[in-house]
Amino acid sequence: MNKTGSINWIACLCALLLAAGFARAQEDRAIPVKVMRPVVAPVYEELPLTGSVTTRRQSRLSPEVAGLVAKLYVDEGDEVNRGDALLELDRDIAVIDRDSATAQVTEAQARLKESLRQQNEAAQLVEKKHIPLTRYEAARATVAMDSAALERLKKELERQEELVRRHTISAPFDGVITQKMVEQGEWVKIDTPLFELTEINRLRVNVPVPQFYFDDVQLGTPVRLTFDAYPDREFHAGVTMKVPESSETARTFPVRIDLDNSERLIAPGMSVRAVFQLGNAGEADTLLLSQDALVRKPDGSKSIWVIRTDGEGMKASQVAVSTGRAYRENIEITAGDVRAGDRVVVRGNEILRPGQLVEIKEELELNL
């Protein structure tokens, strides 16, 4: 062997030794990883659909009596509570009529009081035979007539008080004034629309569900809702109503979901993406794990890396698994030497080898 050949052979040997040393160093060095623990949970079939937001209640308010608009207490966009005054009609004449009815009731009460006194006096005189019985009977009749007159006037007073009350238009429920159709000084009739009041605290999501899934969607079925205005936020609710009336063209059935809107984030007219969680798999031993933990091989087999601890520290152990249904970004583990609570690598698993020392940098939560 000449000198040049010897040098090349020595260089190759050195390279091999360096590679072996590097590999051994890699085995001795702990690889940083992120882990996640599998959990036992139900698996759902997810049905993604689109819908729109409407209001549960919307009312056009009209007066119960005709009159002149004297005061306006609200404008478009104002939030009101049930019972809040929105508008007041001029009620001067109604107040005069009520006060007159009040005076008539007072007069009738005094008249009845006097009739009762005369009846009692006549009863004593009849007992002593100072007056004929017919005088006593006449006194009793007067009491009866005065009592009836008092009741009639009391009802008239109630009527007048109700008319005064009807000159004030109040909110029948909590909501927002979405339209104001009258101004101060206008004369309005009984059928004149004054305001449009829209409930905003709770809204309704209408989703057309294909007939194939109509029986699977039940009252209370969980639904995840996302809106374009809040792409990174999910809203959770349940089905509150199924309407058994199909659209003949689309073959869909309307399903309604009432949604709390106390934060005032959602508005009627918004589009919404709704994901229905249909049917619980019902198996209490369904093991779920993030799909990021799976290592897929060209032959179709799958494995995960489970962290085992021995005297030398935490080491990666490759475990062959079988999978079932997918749920969101998770997968059902149907077979394999892994249990709920095991630490499974979800980040850094692409460079691991059996027995590799690892260092856990972060433990992530399974998103259910």
Side-chain angles (χ1 to χ4, degrees), residues 54-120 139-204 258 260-262 264 267-268:
T54 63
T55 181
R56 295 196 316 166
R57 288 191 290 181
Q58 189 174 64
S59 179
R60 284 201 166 194
L61 307 180
S62 298
E64 298 177 276
V65 294
L68 187 73
V69 177
K71 296 178 182 179
L72 276 171
Y73 298 113
V74 295
D75 205 343
E76 289 184 0
D78 288 348
E79 287 194 30
V80 297
N81 296 318
R82 179 182 179 182
D84 286 352
L86 310 179
L87 172 150
E88 188 174 303
L89 300 176
D90 182 83
R91 58 181 189 172
D92 289 348
I93 294 178
V95 169
I96 291 173
D97 290 342
R98 181 200 61 190
D99 293 345
S100 175
T102 301
Q104 290 178 24
V105 168
T106 302
E107 180 183 350
Q109 288 172 335
R111 189 180 299 111
L112 176 61
K113 183 178 180 182
E114 175 61 18
S115 298
L116 289 170
R117 185 193 68 77
Q118 292 182 6
Q119 175 183 278
N120 293 335
R140 287 185 59 191
T142 301
V143 169
M145 289 187 291
D146 288 345
S147 296
L150 177 59
E151 290 303 315
R152 176 177 57 80
L153 291 172
K154 284 183 176 179
K155 292 299 181 183
E156 177 62 21
L157 176 58
E158 289 180 12
R159 179 177 177 276
Q160 295 299 331
E161 288 176 340
E162 178 63 20
L163 285 175
V164 171
R165 186 195 65 78
R166 292 188 181 193
H167 281 70
T168 300
I169 311 302
S170 302
F173 53 84
D174 297 351
V176 173
I177 302 297
T178 48
Q179 284 191 60
K180 184 189 73 171
M181 294 162 278
V182 68
E183 293 295 341
Q184 188 169 344
E186 289 188 37
W187 179 268
V188 296
K189 300 179 181 179
I190 292 177
D191 58 350
T192 303
L194 305 176
F195 304 100
E196 183 179 77
L197 179 64
T198 301
E199 184 184 37
I200 202 72
N201 288 338
R202 290 189 67 79
L203 296 177
R204 175 162 289 165
D258 288 347
D260 178 73
N261 191 40
S262 54
R264 303 294 192 275

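Along the sequence shown, residues are numbered consecutively beginning with 1. We use all heavy atoms of the structure for the numbers below, so side chains are in, but hydrogens, waters and symmetry mates are not. Computed from a predicted model, the values in this text were never measured in an experiment.
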Would you indicate whether the side-chain heavy atoms of [Y] and [X] approach each other to under 4.5 Å?
X	Y	value
V182	T192	no
L61	L86	yes
V69	L89	yes

* With T198, which residues qualify under side chain to side chain contact (heavy atoms under 4.5 Å, CB included), at least two apart? ->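 Checked T198 against side chain to side chain contact (heavy atoms under 4.5 Å, CB included); matches are T55, Q58, T178, E196.
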* To do: With sequence neighbours excluded, tell me which residues meet side chain to side chain contact (heavy atoms under 4.5 Å, CB included) with I96.
  =>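 I96 satisfies side chain to side chain contact (heavy atoms under 4.5 Å, CB included) with no residue once adjacent residues are dropped.
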Which atoms form the tightest heavy-atom contact between [X] and [Y], and what is the distance?
X	Y	answer
V80	A171	CG2-CB, 3.8 Å
K189	A66	CA-CB, 4.2 Å
S62	I190	CB-O, 3.4 Å
V65	R166	CG2-O, 3.7 Å
L203	P268	CD2-CG, 4.0 Å

Can you tell me how far [atom2] of [Y] sits from [atom1] of [X], rounded to the nearest 0.5 angstrom?
X	Y	atom1	atom2	result
D90	K71	CG	NZ	10.0 Å
R82	F173	CZ	CZ	10.5 Å
I169	D84	CD1	CG	14.0 Å
R56	E199	CZ	CD	4.5 Å
R60	L194	CZ	CG	11.0 Å
D258	R204	CG	CZ	4.5 Å

* Is a donor on one side and an acceptor on the other found under 3.5 Å between the side chain of E88 and the backbone of A70? ->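 The answer is no, because no donor-acceptor pair under 3.5 Å joins these two groups.
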Who passes side-chain hydrogen bond (donor to acceptor under 3.5 Å, both in side chains) against [X], sequence neighbours left out?
X	value
E107	R111
D78	none
E64	none

Donor-acceptor contacts, no H, no angles, side chain residues 146-161, under 3.5 Å, sequence neighbours left out:
| residue | atom | partner | partner atom | Å |
| --- | --- | --- | --- | --- |
| D146 | OD2 | S115 | OG | 2.1 |
| S147 | OG | V143 | O | 2.9 |
| E156 | OE2 | Q160 | NE2 | 2.7 |

* With side chain to side chain contact (heavy atoms under 4.5 Å, CB included) as the test, would you mind laying out the steps for N201 and R264 before giving the verdict? => CA-CA 7 Å; N201 288 338; R264 303 294 192 275; 2.6 Å; yes
* To do: Might you work through the side chain to side chain contact (heavy atoms under 4.5 Å, CB included) test for L72 and E183, ending with a clear yes or no?
  => CA-CA 7 Å; L72 276 171; E183 293 295 341; 4.0 Å; yes
* Asked: Is I93 atom CD1 crowded by more than 12 heavy atoms from other residues, nucleotides or ligands, each under 6.0 Å away?
  ->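 Counting other residues, nucleotides and ligands, CD1 of I93 stays at 12 neighbours or fewer.
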* Heavy atoms from other residues, nucleotides or ligands near CZ of R140 exceed 12 (cutoff 6.0 Å) ->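 For R140, atom CZ is not crowded (no more than 12 foreign heavy atoms under 6.0 Å).
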